[in-house]
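Below you'll find the structure, written out as C-alpha coordinates, and then a few comments.
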Amino acid sequence: MNGKKILMVDDDLAFCEMLSEILREEGAEVLVEHDGASGIEKALSEHPDIVLFDVMMPVMSGIKALEKLRADGWGKNVPAILLTNVNQPEAMAASLENGPPTEYLLKVDWTLDQIAERIKKILEV
Amino acid sequence: MRFFTSFLTLVVLLLCIFFAFLYFDSKYLLVATDAEYAKNIGKQLLELLLVVSIAGSIFLSLLIYSVLSTQNAARRMAYAISKDMSFSKEQFRRFYELSPVPYLLISPKGTITRPNKASLRFFGRTEEDLIDKNIFSFLSLPEHSEKIMRYKDSAERRIPVEQKEVQVLLDSKELRWALLSIEDITTPGSHEHNCLVTLVDIHEQKELERIKTEFLSLASHQLRSPLANLKWYIDFLLNRRRDQMSEEVQGYLHKMYRRNSDMIELVNTLLNLSRIEMGRVKVEKESVDLEALAKSVIEELEPTALEKKIVMETSFVGDLQLDTDTRLVRIILQNLLSNSLRYTKENGKVFIRLTASTSRIRFEVEDTGVGIPPNEQGSIFSKLYRASNAKEIEANGNGIGLYMCKELVEGLGGTITFVSKLEEGTTFTFELPR
(Lines give C-alpha, C1' and ligand atoms only; values in the text may rest on other atoms or scores of the structure.)
Protein backbone atom coordinates (compact mmCIF):
# COMPACT_ATOMS: atom_id res chain seq x y z
CA MET A 1 0.00 0.00 0.00
CA ASN A 2 3.00 2.27 -0.42
CA GLY A 3 2.13 5.80 -1.39
CA LYS A 4 -1.59 5.19 -1.27
CA LYS A 5 -3.78 7.81 0.36
CA ILE A 6 -6.51 6.49 2.64
CA LEU A 7 -9.25 8.65 4.17
CA MET A 8 -10.87 7.31 7.35
CA VAL A 9 -14.04 8.94 8.68
CA ASP A 10 -15.26 7.55 12.00
CA ASP A 11 -16.24 9.04 15.34
CA ASP A 12 -14.65 6.11 17.20
CA LEU A 13 -11.28 7.60 18.07
CA ALA A 14 -9.65 4.37 19.26
CA PHE A 15 -10.66 2.60 16.07
CA CYS A 16 -9.14 5.35 13.97
CA GLU A 17 -5.91 5.32 15.97
CA MET A 18 -5.43 1.60 15.83
CA LEU A 19 -6.33 1.14 12.18
CA SER A 20 -4.19 4.11 11.12
CA GLU A 21 -1.21 2.59 12.87
CA ILE A 22 -1.70 -0.66 10.98
CA LEU A 23 -2.17 1.08 7.66
CA ARG A 24 0.76 3.41 8.15
CA GLU A 25 2.95 0.42 8.89
CA GLU A 26 2.08 -0.79 5.41
CA GLY A 27 3.28 2.51 3.98
CA ALA A 28 -0.01 4.25 3.35
CA GLU A 29 -0.78 7.87 4.05
CA VAL A 30 -3.76 8.01 6.36
CA LEU A 31 -6.09 10.99 6.77
CA VAL A 32 -8.61 10.92 9.59
CA GLU A 33 -11.85 12.83 10.21
CA HIS A 34 -14.48 12.26 12.85
CA ASP A 35 -17.73 13.45 11.29
CA GLY A 36 -19.41 13.17 7.93
CA ALA A 37 -19.24 16.84 6.98
CA SER A 38 -15.51 17.22 7.57
CA GLY A 39 -15.05 13.83 5.97
CA ILE A 40 -16.67 14.78 2.69
CA GLU A 41 -14.79 18.06 2.66
CA LYS A 42 -11.46 16.26 3.08
CA ALA A 43 -12.39 13.71 0.41
CA LEU A 44 -13.22 16.32 -2.18
CA SER A 45 -10.09 18.36 -1.46
CA GLU A 46 -7.56 15.58 -1.03
CA HIS A 47 -8.86 12.95 -3.49
CA PRO A 48 -7.75 9.86 -1.59
CA ASP A 49 -7.40 6.46 -3.24
CA ILE A 50 -10.02 4.94 -0.97
CA VAL A 51 -12.55 6.24 1.55
CA LEU A 52 -13.82 4.61 4.74
CA PHE A 53 -17.09 5.91 6.21
CA ASP A 54 -18.63 4.88 9.48
CA VAL A 55 -22.40 4.90 9.08
CA MET A 56 -23.37 6.25 12.49
CA MET A 57 -21.75 9.64 12.85
CA PRO A 58 -22.70 13.02 14.24
CA VAL A 59 -23.46 15.96 11.96
CA MET A 60 -23.75 13.82 8.86
CA SER A 61 -24.21 10.05 8.59
CA GLY A 62 -21.95 7.90 6.49
CA ILE A 63 -24.75 7.16 4.07
CA LYS A 64 -25.42 10.84 3.49
CA ALA A 65 -21.71 11.44 3.05
CA LEU A 66 -21.51 8.62 0.53
CA GLU A 67 -24.40 10.10 -1.41
CA LYS A 68 -22.61 13.42 -1.58
CA LEU A 69 -19.45 11.68 -2.61
CA ARG A 70 -21.10 9.86 -5.47
CA ALA A 71 -22.73 13.04 -6.64
CA ASP A 72 -19.29 14.44 -7.36
CA GLY A 73 -17.53 13.85 -10.69
CA TRP A 74 -14.39 12.45 -9.11
CA GLY A 75 -16.23 10.93 -6.16
CA LYS A 76 -18.30 8.75 -8.45
CA ASN A 77 -15.47 6.35 -8.99
CA VAL A 78 -13.49 6.25 -5.79
CA PRO A 79 -13.70 2.95 -3.87
CA ALA A 80 -15.58 3.32 -0.60
CA ILE A 81 -16.13 1.14 2.43
CA LEU A 82 -19.10 1.66 4.74
CA LEU A 83 -18.56 0.46 8.30
CA THR A 84 -21.19 -0.11 10.91
CA ASN A 85 -22.49 -2.38 13.61
CA VAL A 86 -26.06 -2.22 12.53
CA ASN A 87 -27.56 -4.59 10.00
CA GLN A 88 -29.15 -1.94 7.89
CA PRO A 89 -30.63 -3.22 4.72
CA GLU A 90 -31.13 0.39 3.60
CA ALA A 91 -27.45 1.04 4.06
CA MET A 92 -26.60 -2.06 2.10
CA ALA A 93 -28.97 -1.09 -0.66
CA ALA A 94 -27.47 2.38 -0.68
CA SER A 95 -24.02 0.92 -0.98
CA LEU A 96 -25.00 -1.22 -3.94
CA GLU A 97 -27.07 1.45 -5.63
CA ASN A 98 -24.22 3.87 -5.46
CA GLY A 99 -22.34 1.60 -7.73
CA PRO A 100 -19.19 -0.36 -7.24
CA PRO A 101 -16.81 -0.22 -5.74
CA THR A 102 -18.72 0.24 -2.47
CA GLU A 103 -18.56 -2.28 0.31
CA TYR A 104 -20.54 -2.65 3.49
CA LEU A 105 -18.77 -4.21 6.45
CA LEU A 106 -20.16 -5.19 9.82
CA LYS A 107 -17.52 -3.92 12.24
CA VAL A 108 -18.14 -6.58 14.83
CA ASP A 109 -17.27 -9.37 12.39
CA TRP A 110 -13.86 -8.05 11.34
CA THR A 111 -10.54 -7.63 13.06
CA LEU A 112 -8.47 -4.57 12.17
CA ASP A 113 -5.97 -6.67 10.27
CA GLN A 114 -8.77 -8.16 8.23
CA ILE A 115 -10.06 -4.67 7.42
CA ALA A 116 -6.53 -3.62 6.40
CA GLU A 117 -6.30 -6.70 4.17
CA ARG A 118 -9.58 -5.79 2.53
CA ILE A 119 -8.38 -2.26 1.87
CA LYS A 120 -5.18 -3.63 0.38
CA LYS A 121 -7.13 -5.93 -1.91
CA ILE A 122 -9.34 -3.12 -3.14
CA LEU A 123 -6.36 -0.84 -3.77
CA GLU A 124 -4.56 -3.51 -5.74
CA VAL A 125 -7.37 -3.78 -8.21
CA MET B 1 -112.83 -25.71 14.20
CA ARG B 2 -114.47 -25.17 17.51
CA PHE B 3 -117.55 -23.65 15.94
CA PHE B 4 -117.86 -26.51 13.54
CA THR B 5 -117.67 -29.11 16.27
CA SER B 6 -120.14 -27.21 18.45
CA PHE B 7 -122.48 -26.91 15.52
CA LEU B 8 -122.19 -30.60 14.77
CA THR B 9 -122.97 -31.41 18.42
CA LEU B 10 -125.99 -29.17 18.26
CA VAL B 11 -127.25 -30.79 15.05
CA VAL B 12 -126.90 -34.26 16.49
CA LEU B 13 -128.72 -33.22 19.66
CA LEU B 14 -131.53 -31.77 17.60
CA LEU B 15 -131.75 -35.01 15.62
CA CYS B 16 -132.03 -36.92 18.91
CA ILE B 17 -134.81 -34.70 20.08
CA PHE B 18 -136.57 -35.02 16.74
CA PHE B 19 -136.43 -38.79 16.72
CA ALA B 20 -137.52 -38.93 20.37
CA PHE B 21 -140.42 -36.71 19.55
CA LEU B 22 -141.34 -38.91 16.67
CA TYR B 23 -141.13 -41.97 18.83
CA PHE B 24 -143.42 -40.67 21.46
CA ASP B 25 -145.80 -39.17 18.95
CA SER B 26 -145.60 -41.74 16.21
CA LYS B 27 -149.01 -40.91 14.71
CA TYR B 28 -147.21 -38.49 12.38
CA LEU B 29 -145.50 -41.29 10.61
CA LEU B 30 -148.30 -43.75 10.31
CA VAL B 31 -149.99 -44.57 7.07
CA ALA B 32 -153.48 -46.19 7.20
CA THR B 33 -154.67 -49.82 6.37
CA ASP B 34 -152.71 -52.19 8.60
CA ALA B 35 -152.54 -49.70 11.38
CA GLU B 36 -151.40 -51.95 14.25
CA TYR B 37 -148.68 -53.72 12.25
CA ALA B 38 -147.38 -50.54 10.72
CA LYS B 39 -147.53 -48.86 14.09
CA ASN B 40 -145.36 -51.67 15.56
CA ILE B 41 -142.77 -51.59 12.77
CA GLY B 42 -142.75 -47.87 12.90
CA LYS B 43 -142.32 -47.91 16.63
CA GLN B 44 -139.42 -50.41 16.42
CA LEU B 45 -137.72 -48.40 13.70
CA LEU B 46 -138.02 -45.29 15.72
CA GLU B 47 -136.71 -47.17 18.77
CA LEU B 48 -133.67 -48.18 16.75
CA LEU B 49 -133.12 -44.71 15.42
CA LEU B 50 -133.48 -43.23 18.90
CA VAL B 51 -130.93 -45.61 20.38
CA VAL B 52 -128.51 -45.01 17.50
CA SER B 53 -128.80 -41.27 17.75
CA ILE B 54 -128.42 -41.23 21.52
CA ALA B 55 -125.38 -43.52 21.29
CA GLY B 56 -124.09 -41.53 18.35
CA SER B 57 -124.49 -38.22 20.04
CA ILE B 58 -122.83 -39.47 23.23
CA PHE B 59 -119.98 -40.87 21.14
CA LEU B 60 -119.71 -37.74 19.09
CA SER B 61 -119.77 -35.54 22.19
CA LEU B 62 -117.03 -37.57 23.77
CA LEU B 63 -115.04 -37.37 20.56
CA ILE B 64 -115.56 -33.69 20.27
CA TYR B 65 -114.66 -33.22 23.90
CA SER B 66 -111.44 -35.19 23.62
CA VAL B 67 -110.46 -33.40 20.45
CA LEU B 68 -111.16 -30.07 22.05
CA SER B 69 -109.25 -30.88 25.19
CA THR B 70 -106.28 -32.20 23.21
CA GLN B 71 -106.37 -29.07 21.16
CA ASN B 72 -106.50 -27.04 24.30
CA ALA B 73 -103.62 -28.95 25.80
CA ALA B 74 -101.67 -28.60 22.60
CA ARG B 75 -102.42 -24.93 22.49
CA ARG B 76 -101.40 -24.46 26.07
CA MET B 77 -98.16 -26.36 25.46
CA ALA B 78 -97.45 -24.38 22.32
CA TYR B 79 -98.10 -21.24 24.26
CA ALA B 80 -95.81 -22.36 27.04
CA ILE B 81 -93.05 -23.31 24.58
CA SER B 82 -93.30 -20.12 22.65
CA LYS B 83 -93.24 -18.20 25.89
CA ASP B 84 -90.17 -20.20 26.85
CA MET B 85 -88.61 -19.63 23.47
CA SER B 86 -89.28 -15.94 23.54
CA PHE B 87 -87.77 -15.92 26.96
CA SER B 88 -84.66 -17.80 25.72
CA LYS B 89 -84.58 -15.76 22.56
CA GLU B 90 -84.79 -12.67 24.65
CA GLN B 91 -82.10 -13.96 26.93
CA PHE B 92 -79.84 -14.76 24.02
CA ARG B 93 -80.47 -11.42 22.46
CA ARG B 94 -79.49 -9.71 25.67
CA PHE B 95 -76.52 -12.00 26.00
CA TYR B 96 -75.45 -11.11 22.47
CA GLU B 97 -75.91 -7.41 22.99
CA LEU B 98 -74.32 -7.23 26.43
CA SER B 99 -71.32 -9.44 25.70
CA PRO B 100 -68.04 -7.58 26.12
CA VAL B 101 -66.73 -9.53 23.13
CA PRO B 102 -67.33 -7.90 19.75
CA TYR B 103 -69.78 -10.04 17.80
CA LEU B 104 -71.14 -9.39 14.33
CA LEU B 105 -73.65 -11.36 12.32
CA ILE B 106 -72.83 -11.40 8.64
CA SER B 107 -74.12 -13.01 5.50
CA PRO B 108 -71.75 -15.60 4.03
CA LYS B 109 -70.61 -12.97 1.56
CA GLY B 110 -69.61 -10.71 4.42
CA THR B 111 -72.45 -8.21 4.61
CA ILE B 112 -72.88 -7.07 8.20
CA THR B 113 -76.41 -7.56 9.44
CA ARG B 114 -76.15 -7.31 13.16
CA PRO B 115 -73.23 -5.86 15.07
CA ASN B 116 -73.49 -6.06 18.87
CA LYS B 117 -72.74 -3.15 21.18
CA ALA B 118 -69.23 -4.33 21.90
CA SER B 119 -68.38 -4.41 18.21
CA LEU B 120 -69.69 -0.87 17.77
CA ARG B 121 -67.43 0.21 20.60
CA PHE B 122 -64.50 -1.69 19.13
CA PHE B 123 -64.91 -0.18 15.67
CA GLY B 124 -65.73 3.22 17.11
CA ARG B 125 -68.61 3.36 14.67
CA THR B 126 -72.40 3.50 14.81
CA GLU B 127 -74.78 0.82 13.64
CA GLU B 128 -75.56 2.74 10.43
CA ASP B 129 -71.85 2.85 9.64
CA LEU B 130 -71.59 -0.91 9.79
CA ILE B 131 -74.88 -2.44 8.67
CA ASP B 132 -74.91 -3.52 5.05
CA LYS B 133 -71.20 -2.85 4.71
CA ASN B 134 -68.86 -5.73 3.98
CA ILE B 135 -66.85 -6.68 7.02
CA PHE B 136 -63.83 -7.66 4.95
CA SER B 137 -63.45 -4.07 3.84
CA PHE B 138 -62.47 -3.25 7.42
CA LEU B 139 -59.86 -5.98 7.75
CA SER B 140 -56.28 -5.95 6.58
CA LEU B 141 -52.95 -7.64 7.04
CA PRO B 142 -49.70 -5.93 6.17
CA GLU B 143 -47.89 -7.87 3.48
CA HIS B 144 -50.39 -10.70 3.64
CA SER B 145 -53.55 -9.34 2.09
CA GLU B 146 -54.08 -12.68 0.38
CA LYS B 147 -54.91 -14.14 3.80
CA ILE B 148 -57.88 -11.79 4.15
CA MET B 149 -59.09 -13.04 0.78
CA ARG B 150 -58.78 -16.57 2.03
CA TYR B 151 -60.83 -15.83 5.14
CA LYS B 152 -63.47 -14.19 2.96
CA ASP B 153 -63.55 -17.26 0.77
CA SER B 154 -63.86 -19.56 3.81
CA ALA B 155 -66.79 -17.55 5.15
CA GLU B 156 -68.55 -17.81 1.84
CA ARG B 157 -68.05 -21.54 1.77
CA ARG B 158 -69.17 -21.82 5.38
CA ILE B 159 -65.76 -23.14 6.47
CA PRO B 160 -64.89 -21.92 9.99
CA VAL B 161 -62.10 -19.38 10.43
CA GLU B 162 -60.42 -19.95 13.77
CA GLN B 163 -58.65 -17.20 15.68
CA LYS B 164 -56.61 -15.61 12.94
CA GLU B 165 -54.65 -12.45 13.56
CA VAL B 166 -55.91 -9.51 11.54
CA GLN B 167 -55.82 -5.76 11.68
CA VAL B 168 -59.12 -3.90 11.94
CA LEU B 169 -59.59 -0.43 10.51
CA LEU B 170 -61.29 1.68 13.16
CA ASP B 171 -63.20 4.88 12.69
CA SER B 172 -60.23 6.80 14.06
CA LYS B 173 -58.22 5.45 11.08
CA GLU B 174 -56.19 3.45 13.56
CA LEU B 175 -55.40 -0.17 12.72
CA ARG B 176 -55.95 -2.44 15.69
CA TRP B 177 -54.82 -6.04 16.01
CA ALA B 178 -57.55 -8.59 16.72
CA LEU B 179 -58.16 -12.33 16.61
CA LEU B 180 -60.78 -13.09 13.96
CA SER B 181 -63.13 -16.08 14.15
CA ILE B 182 -65.96 -16.81 11.76
CA GLU B 183 -68.49 -19.57 12.29
CA ASP B 184 -71.58 -20.51 10.31
CA ILE B 185 -74.60 -20.44 12.63
CA THR B 186 -77.35 -20.94 10.09
CA THR B 187 -80.16 -22.97 11.67
CA PRO B 188 -81.04 -26.00 9.56
CA GLY B 189 -84.14 -25.45 7.53
CA SER B 190 -83.77 -21.70 7.60
CA HIS B 191 -83.26 -19.97 4.28
CA GLU B 192 -81.46 -17.06 5.88
CA HIS B 193 -77.74 -17.81 6.12
CA ASN B 194 -75.84 -16.29 8.98
CA CYS B 195 -72.26 -16.36 10.13
CA LEU B 196 -71.06 -15.20 13.51
CA VAL B 197 -67.93 -13.09 13.53
CA THR B 198 -65.97 -12.76 16.77
CA LEU B 199 -63.17 -10.23 17.22
CA VAL B 200 -60.90 -10.40 20.23
CA ASP B 201 -58.74 -7.34 20.84
CA ILE B 202 -55.08 -8.37 21.04
CA HIS B 203 -53.58 -5.02 20.23
CA GLU B 204 -51.95 -4.52 23.60
CA GLN B 205 -50.22 -7.88 23.43
CA LYS B 206 -48.96 -7.30 19.91
CA GLU B 207 -47.68 -3.87 20.86
CA LEU B 208 -45.91 -5.29 23.85
CA GLU B 209 -44.34 -7.99 21.72
CA ARG B 210 -43.21 -5.43 19.20
CA ILE B 211 -41.75 -3.14 21.84
CA LYS B 212 -39.92 -6.03 23.43
CA THR B 213 -38.46 -7.15 20.14
CA GLU B 214 -37.48 -3.65 19.12
CA PHE B 215 -35.81 -3.13 22.46
CA LEU B 216 -33.92 -6.36 22.02
CA SER B 217 -32.82 -5.24 18.60
CA LEU B 218 -31.76 -1.80 19.80
CA ALA B 219 -29.90 -3.16 22.82
CA SER B 220 -28.14 -5.70 20.66
CA HIS B 221 -27.02 -3.10 18.19
CA GLN B 222 -25.79 -0.88 20.99
CA LEU B 223 -23.85 -3.73 22.45
CA ARG B 224 -22.00 -4.31 19.24
CA SER B 225 -19.95 -1.12 19.40
CA PRO B 226 -18.18 -1.86 22.66
CA LEU B 227 -17.85 -5.51 21.71
CA ALA B 228 -16.21 -4.62 18.42
CA ASN B 229 -13.90 -2.25 20.24
CA LEU B 230 -12.87 -4.90 22.73
CA LYS B 231 -12.23 -7.28 19.87
CA TRP B 232 -9.91 -4.79 18.23
CA TYR B 233 -8.10 -3.77 21.41
CA ILE B 234 -7.38 -7.34 22.38
CA ASP B 235 -6.45 -8.36 18.86
CA PHE B 236 -4.24 -5.32 18.54
CA LEU B 237 -2.39 -6.13 21.75
CA LEU B 238 -1.95 -9.75 20.79
CA ASN B 239 -0.66 -8.96 17.32
CA ARG B 240 1.24 -5.77 17.80
CA ARG B 241 2.35 -5.48 21.37
CA ARG B 242 3.32 -9.07 22.03
CA ASP B 243 6.88 -8.17 22.94
CA GLN B 244 5.50 -6.09 25.79
CA MET B 245 3.61 -8.93 27.35
CA SER B 246 4.48 -12.09 29.23
CA GLU B 247 3.18 -15.50 28.18
CA GLU B 248 0.77 -15.39 31.07
CA VAL B 249 -0.66 -12.05 30.02
CA GLN B 250 -0.97 -13.27 26.44
CA GLY B 251 -2.77 -16.36 27.68
CA TYR B 252 -5.32 -14.27 29.51
CA LEU B 253 -5.75 -12.02 26.53
CA HIS B 254 -6.48 -15.07 24.37
CA LYS B 255 -9.15 -16.09 26.82
CA MET B 256 -10.58 -12.56 26.79
CA TYR B 257 -10.65 -12.62 23.01
CA ARG B 258 -12.59 -15.88 22.99
CA ARG B 259 -15.14 -14.79 25.58
CA ASN B 260 -15.61 -11.59 23.70
CA SER B 261 -16.21 -13.57 20.52
CA ASP B 262 -18.83 -15.58 22.38
CA MET B 263 -20.56 -12.37 23.34
CA ILE B 264 -20.47 -11.16 19.77
CA GLU B 265 -21.97 -14.46 18.67
CA LEU B 266 -24.72 -14.14 21.26
CA VAL B 267 -25.55 -10.63 20.17
CA ASN B 268 -25.68 -11.76 16.55
CA THR B 269 -28.03 -14.57 17.51
CA LEU B 270 -30.25 -12.22 19.51
CA LEU B 271 -30.39 -9.90 16.57
CA ASN B 272 -31.25 -12.69 14.17
CA LEU B 273 -33.91 -13.82 16.55
CA SER B 274 -35.45 -10.41 16.94
CA ARG B 275 -35.41 -9.99 13.19
CA ILE B 276 -37.22 -13.30 12.80
CA GLU B 277 -39.78 -12.27 15.38
CA MET B 278 -40.30 -8.95 13.70
CA GLY B 279 -40.90 -10.81 10.48
CA ARG B 280 -37.99 -9.00 8.95
CA VAL B 281 -36.04 -12.02 7.86
CA LYS B 282 -37.16 -12.50 4.33
CA VAL B 283 -36.28 -15.74 2.72
CA GLU B 284 -34.23 -14.89 -0.36
CA LYS B 285 -33.80 -17.90 -2.52
CA GLU B 286 -31.04 -18.51 -4.98
CA SER B 287 -29.31 -21.57 -6.34
CA VAL B 288 -26.93 -22.73 -3.60
CA ASP B 289 -24.14 -25.28 -3.70
CA LEU B 290 -24.82 -26.86 -0.33
CA GLU B 291 -21.63 -28.91 -0.34
CA ALA B 292 -19.55 -25.77 -0.66
CA LEU B 293 -21.63 -24.04 1.97
CA ALA B 294 -21.22 -26.92 4.43
CA LYS B 295 -17.49 -27.06 3.76
CA SER B 296 -17.12 -23.36 4.45
CA VAL B 297 -18.99 -23.61 7.76
CA ILE B 298 -16.80 -26.56 8.72
CA GLU B 299 -13.69 -24.59 7.85
CA GLU B 300 -14.84 -21.72 10.06
CA LEU B 301 -15.23 -24.07 13.00
CA GLU B 302 -12.02 -25.98 12.34
CA PRO B 303 -10.00 -24.04 14.98
CA THR B 304 -12.62 -24.81 17.64
CA ALA B 305 -12.59 -28.50 16.72
CA LEU B 306 -8.80 -28.59 16.75
CA GLU B 307 -8.69 -27.13 20.24
CA LYS B 308 -10.69 -30.07 21.56
CA LYS B 309 -9.01 -32.55 19.19
CA ILE B 310 -12.40 -33.40 17.74
CA VAL B 311 -12.41 -34.98 14.31
CA MET B 312 -15.01 -33.73 11.84
CA GLU B 313 -15.99 -36.20 9.15
CA THR B 314 -18.13 -35.40 6.16
CA SER B 315 -20.24 -37.22 3.61
CA PHE B 316 -21.89 -35.66 0.60
CA VAL B 317 -24.28 -37.73 -1.48
CA GLY B 318 -26.25 -36.73 -4.53
CA ASP B 319 -27.03 -33.48 -6.25
CA LEU B 320 -26.61 -30.90 -3.52
CA GLN B 321 -27.63 -27.85 -5.49
CA LEU B 322 -30.75 -26.28 -4.02
CA ASP B 323 -32.86 -23.15 -4.41
CA THR B 324 -32.74 -21.76 -0.93
CA ASP B 325 -31.51 -18.92 1.27
CA THR B 326 -27.72 -19.13 1.76
CA ARG B 327 -27.51 -16.98 4.88
CA LEU B 328 -30.24 -18.85 6.69
CA VAL B 329 -28.91 -22.31 5.88
CA ARG B 330 -25.49 -21.12 6.97
CA ILE B 331 -26.86 -19.92 10.31
CA ILE B 332 -28.60 -23.26 10.88
CA LEU B 333 -25.48 -25.27 10.08
CA GLN B 334 -23.27 -22.99 12.17
CA ASN B 335 -25.58 -23.40 15.11
CA LEU B 336 -25.88 -27.17 14.92
CA LEU B 337 -22.20 -27.69 14.30
CA SER B 338 -21.01 -25.34 17.03
CA ASN B 339 -23.44 -27.03 19.42
CA SER B 340 -22.04 -30.42 18.57
CA LEU B 341 -18.51 -29.20 19.09
CA ARG B 342 -19.43 -27.51 22.31
CA TYR B 343 -21.06 -30.53 23.88
CA THR B 344 -18.60 -33.16 22.73
CA LYS B 345 -15.62 -33.93 24.93
CA GLU B 346 -12.01 -34.04 23.83
CA ASN B 347 -11.08 -36.57 21.15
CA GLY B 348 -14.68 -36.98 20.18
CA LYS B 349 -16.14 -37.14 16.70
CA VAL B 350 -18.61 -35.08 14.73
CA PHE B 351 -20.16 -36.21 11.45
CA ILE B 352 -21.69 -33.90 8.92
CA ARG B 353 -23.75 -35.63 6.24
CA LEU B 354 -25.67 -34.16 3.37
CA THR B 355 -27.85 -36.54 1.37
CA ALA B 356 -29.85 -35.52 -1.65
CA SER B 357 -32.99 -37.20 -2.93
CA THR B 358 -35.40 -36.18 -5.66
CA SER B 359 -37.76 -34.34 -3.34
CA ARG B 360 -35.46 -33.01 -0.65
CA ILE B 361 -32.05 -32.65 0.89
CA ARG B 362 -31.23 -34.07 4.29
CA PHE B 363 -28.65 -32.62 6.64
CA GLU B 364 -27.34 -34.62 9.56
CA VAL B 365 -25.05 -33.36 12.29
CA GLU B 366 -24.06 -36.23 14.52
CA ASP B 367 -21.79 -36.07 17.53
CA THR B 368 -20.38 -38.37 20.20
CA GLY B 369 -21.20 -35.85 22.86
CA VAL B 370 -22.99 -35.84 26.18
CA GLY B 371 -26.46 -36.29 24.75
CA ILE B 372 -29.74 -34.77 25.89
CA PRO B 373 -31.59 -36.26 28.90
CA PRO B 374 -34.80 -37.99 27.74
CA ASN B 375 -37.08 -36.05 30.04
CA GLU B 376 -35.78 -32.78 28.64
CA GLN B 377 -35.93 -33.71 24.97
CA GLY B 378 -39.41 -32.24 24.55
CA SER B 379 -38.27 -28.76 25.50
CA ILE B 380 -35.07 -28.61 23.62
CA PHE B 381 -36.42 -26.34 20.91
CA SER B 382 -37.90 -23.84 23.35
CA LYS B 383 -36.50 -20.40 23.73
CA LEU B 384 -33.90 -20.01 26.44
CA TYR B 385 -33.95 -23.71 27.25
CA ARG B 386 -30.71 -25.40 28.08
CA ALA B 387 -30.64 -29.02 29.21
CA SER B 388 -29.37 -29.56 32.74
CA ASN B 389 -26.33 -31.53 31.63
CA ALA B 390 -25.44 -28.88 29.10
CA LYS B 391 -24.88 -26.40 31.86
CA GLU B 392 -22.43 -28.78 33.45
CA ILE B 393 -20.34 -29.07 30.35
CA GLU B 394 -20.27 -25.44 29.61
CA ALA B 395 -21.82 -22.87 31.82
CA ASN B 396 -22.13 -20.46 28.99
CA GLY B 397 -24.39 -21.27 26.12
CA ASN B 398 -27.34 -19.17 25.30
CA GLY B 399 -30.29 -21.52 24.80
CA ILE B 400 -31.52 -19.54 21.86
CA GLY B 401 -29.71 -21.33 19.07
CA LEU B 402 -31.99 -24.35 18.69
CA TYR B 403 -35.15 -22.30 18.94
CA MET B 404 -33.84 -20.13 16.15
CA CYS B 405 -32.80 -23.14 14.08
CA LYS B 406 -36.30 -24.53 14.27
CA GLU B 407 -37.82 -21.19 13.28
CA LEU B 408 -35.43 -20.89 10.37
CA VAL B 409 -35.83 -24.47 9.14
CA GLU B 410 -39.58 -24.16 9.26
CA GLY B 411 -39.39 -20.78 7.57
CA LEU B 412 -37.59 -22.51 4.73
CA GLY B 413 -40.38 -25.07 4.49
CA GLY B 414 -38.43 -27.85 6.14
CA THR B 415 -38.53 -29.98 9.27
CA ILE B 416 -36.01 -30.59 12.03
CA THR B 417 -35.72 -33.53 14.42
CA PHE B 418 -33.12 -35.16 16.60
CA VAL B 419 -32.26 -38.38 18.38
CA SER B 420 -30.12 -38.44 21.43
CA LYS B 421 -28.71 -40.83 23.99
CA LEU B 422 -27.06 -39.73 27.20
CA GLU B 423 -23.30 -40.15 27.14
CA GLU B 424 -23.47 -41.49 23.58
CA GLY B 425 -24.31 -38.55 21.46
CA THR B 426 -26.88 -36.60 19.56
CA THR B 427 -27.86 -36.42 15.91
CA PHE B 428 -29.76 -33.45 14.60
CA THR B 429 -31.44 -33.98 11.26
CA PHE B 430 -33.13 -31.35 9.17
CA GLU B 431 -34.60 -31.62 5.72
CA LEU B 432 -35.26 -28.96 3.16
CA PRO B 433 -37.68 -29.59 0.31
CA ARG B 434 -36.72 -28.92 -3.27
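Not measured: the values here are computed from a predicted model.
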| field | Proximal component of A:Asp12, with respect to chain B [non-hydrogen, under 4.5 Å] | value | side chain
| task | Using a cut-off of 6.0 Å, state whether more than 12 heavy atoms not belonging to A:Lys68 lie near its atom NZ. | result | no
| If you count heavy-atom pairs under 4.5 Å with chain A, which of B:Leu227, B:Asn229, B:Leu223 comes out on top? | B:Asn229
| task | Count the heavy atoms belonging to other residues, nucleotides or ligands that lie under 6.0 Å from CD of B:Glu299, then report whether that count exceeds 12. | result | no
| query | Counting only heavy atoms not in B:Glu286, do more than 12 fall under 6.0 Å of its CD? | reply | yes
| remark: When rounded to the nearest 0.5 Å, the distance separating CE of A:Met18 from CG of B:Asn239 is 11.5 Å
| query | So, are A:Glu21 and B:Arg240 salt-bridged, with charged N and O less than 4.0 Å apart? | reply | no
| Straight-line distance of B:Tyr257 OH to A:Thr111 OG1, nearest 0.5 Å | 5.5 Å
| said: If you count heavy atoms of other groups shown closer than 6.0 angstrom to NZ of A:Lys5, is the number above 12? | reply: yes
| said: Is it the case that atom NZ in A:Lys107 sees more than 12 heavy atoms from other parts of the structure closer than 6.0 Å? | reply: yes
| task | Hey, could you give me the OG/CG distance between B:Ser225 and A:Asp54, rounded to the nearest 0.5 Å? | result | 8.0 Å
| field | Part of A:Ile22 within contact of chain B (heavy atom distance under 4.5 Å) | value | both
| task | Could you tell me the separation between the OG1 atom of A:Thr84 and the CZ atom of B:Arg224, rounded to the nearest 0.5 Å? | result | 8.5 Å
| Considering all heavy atoms, the nearest A:Phe15-B:Trp232 contact | CD1-CZ3, 3.0 Å
| Residue B:Glu248 excluded, over 12 heavy atoms near CD under 6.0 Å | no
| query | So which heavy atom on B:Asp235 is nearest to which on A:Leu112, and how close? | reply | OD2-N, 4.3 Å
| message | Can you tell me if A:Glu46 has over 12 outside heavy atoms packed within less than 6.0 Å of its CD? | response | yes
